[in-house]
Amino acid sequence: MVCNEFENYVCVDGVTDLDLRQTLDCGQSFRWTENADGSFDGIAFAKKVRVKLAGNKLYIENSNKADFENIWKSYFDFDLDYGKIRTEISKIHPVLAEAAQYAPGIRILQQEPYEALCTFIISQNNNIKRIKGIVQRLCECFGEEISEGNFAFPTPQKMANLTADDLAPLRAGFRNRYLIDAAQKVNSGEVDLEKCRTLDYEQARKELMKITGVGVKVADCTLLFGLHRIEAFPVDVWMKRAMAKLFPTMTANDFGEYAGIAQQYIFHYSRMHPELFE
DNA sequence: ACCCAGGAAATTC
DNA sequence: GAATTTCATGGG
């Protein structure tokens, strides 16, 4: 993989196993929007970029080589060989092999841990379209304006000083107090997100579940999409249906060390084939 | 009006 | 303790 820097963008050559829509619009991140030409605009780590894929070249506009090395290389999880992993996990079950084949361009993003925590608190009993709206308003109201009309995800320090009523403009309903509790516990250090990268998995779960509004599923999503614990296997309503219908004899433990990647293949495959569950 | 949405807390049995 | 209800909000 080679990254060449130009005036206001970089070109990353040698990119494989990446489809922007499959990766950025598959319900793991809520801050990317697709443009008419297939490029995506998004903000992560307080940087606004436009990404565009052409063959094996990924163009990142409004960026530079340093940001690629420090942010985007890991954000897109380029250190993992997804082709190899797909081959490996396809041996587990023929239906998983089909799901993986269906969207081989899915990658697990390495998002900001606190953002992943908050967005999946917001996700509970909610739909992806409305989640995006709430997240957008959260950033506009309380995030730093990094450029004209573009806002970073708010910090826990900032949110820890708010009340649930301050979040009323988000229209997040009962989730407001959960967000405040998350901000306060992360800000005070009572919950240590970084420690969850290396803790025993069950302990990491428990650490996150100290937060009111964080149960097993939100903890698993935070661990998978924010802390790169790719053994995580979040089970939401879609995954419950998929497991019952497609993998009736299996449990999360049967999907191995890359269970999180398998989960994303299955989640996406199920959402694209709702007729399977009628 | 009714049901559901990348669930979890609160209540009831 | 396990099963059920409630929690805001918006779209179909």
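Atom CD of A:Gln124 and atom C1' of B:dA5 are 12 Å apart (whole Å). If you take CD1 of A:Ile131 and C1' of C:dG11, they are 13 Å apart, rounded to a whole angstrom. Atom C1' of nucleotide B:dG6 and atom CD1 of A:Ile122 are separated by 13 Å, given to the nearest angstrom. Atom C1' of nucleotide B:dA5 and atom NZ of A:Lys129 are separated by 13 Å, given to the nearest angstrom. Straight-line distance from the CD atom of A:Glu115 to the C1' atom of B:dG6: 16 Å, rounded to whole Å. In this structure, A:Ile134 atom CD1 and B:dG7 atom P are separated by 12 Å, rounded to whole Å. If you measure from atom CG of A:Asp181 to atom P of B:dA8, you get 14 Å, rounded to the nearest angstrom. One interatomic measurement links the two molecules: NZ of A:Lys217 to C1' of B:dA8, which rounds to 12 Å at whole-angstrom precision.
The environment of A:Glu148 atom CD is sparse: at most 12 non-hydrogen atoms of other residues, nucleotides or ligands sit within 6.0 angstrom. For A:Glu34, the CD atom is densely surrounded, since the number of other residues' heavy atoms within 6.0 Å is greater than 12.
In this model, the phosphate group of C:dG10 is approached by a side-chain N or O of A:Arg171 to a distance below 4.0 Å at OP1 or OP2. Distances shorter than 4.0 Å separate none of the side-chain N or O atoms of A:Arg271 from OP1 or OP2 on B:dA5.
Atom CD1 in A:Ile121 sits 8.0 Å away from atom CG in A:Asp181 (nearest 0.5 Å).
With respect to A:Arg50 and A:Asp41, a salt bridge is recorded, a charged nitrogen being found less than 4.0 Å from a carboxylate O.
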So which protein nitrogen or oxygen atoms get under 3.5 Å of nucleotides 9-12 of chain B's nitrogens or oxygens?
| from | atom 1 | to | atom 2 | distance (Å) |
| --- | --- | --- | --- | --- |
| B:dA9 | OP1 | A:Gly213 | N | 3.1 |
| B:dA9 | O3' | A:Arg177 | NH2 | 3.4 |

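Between the P atoms of B:dC2 and C:dT6, the separation comes to 14 Å (whole Å). Nucleotides C:dG11 and B:dA8 place their P atoms 24 Å apart, quoted to the nearest Å. Straight-line distance between the P atoms of B:dG6 and C:dA2: roughly 28 Å, to the nearest whole Å. Comparing B:dA9 with C:dG10, their P atoms sit 23 Å apart, to the nearest whole Å.
Along DNA chain B, the nucleotide nearest A:Arg175 and the nucleotide nearest A:Ala219 are compared for position; the residue whose nucleotide lies closer to the 5' end is A:Arg175.
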Practice task
Determine, stepwise, if the pair A:Glu190 / A:Lys210 fulfils salt bridge (charged side-chain N to carboxylate O under 4.0 Å, His left out).
Solution key: CA-CA 9 Å; A:Glu190 184 177 347; A:Lys210 290 181 190 170; 5.9 Å; no
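Comparing B:dG7, B:dA5, C:dG10 against the side chain of A:Arg130 picks out C:dG10 as the nearest. Out of B:dA8, C:dA8, B:dG6, the shortest distance to the side chain of A:Asn125 is found at C:dA8.
Across all strands shown, A:Phe225 has heavy atoms under 4.0 Å from base atoms, whether or not it also approaches the sugar-phosphate. Contacts of A:Val216 with the nucleic acid, taken as non-hydrogen atoms under 4.0 Å apart, involve only primed sugar atoms and P, OP1 or OP2.
By the 30° and 60° cut-offs, the orientation of the rings of A:Phe174 relative to A:Tyr178 is perpendicular.
Ring pair A:Phe255/A:Phe247: centre-to-centre distance below 6.0 Å. For an aromatic pair to be called close, the ring centres must be under 6.0 Å apart, and A:Phe120 with A:Phe30 satisfies this.
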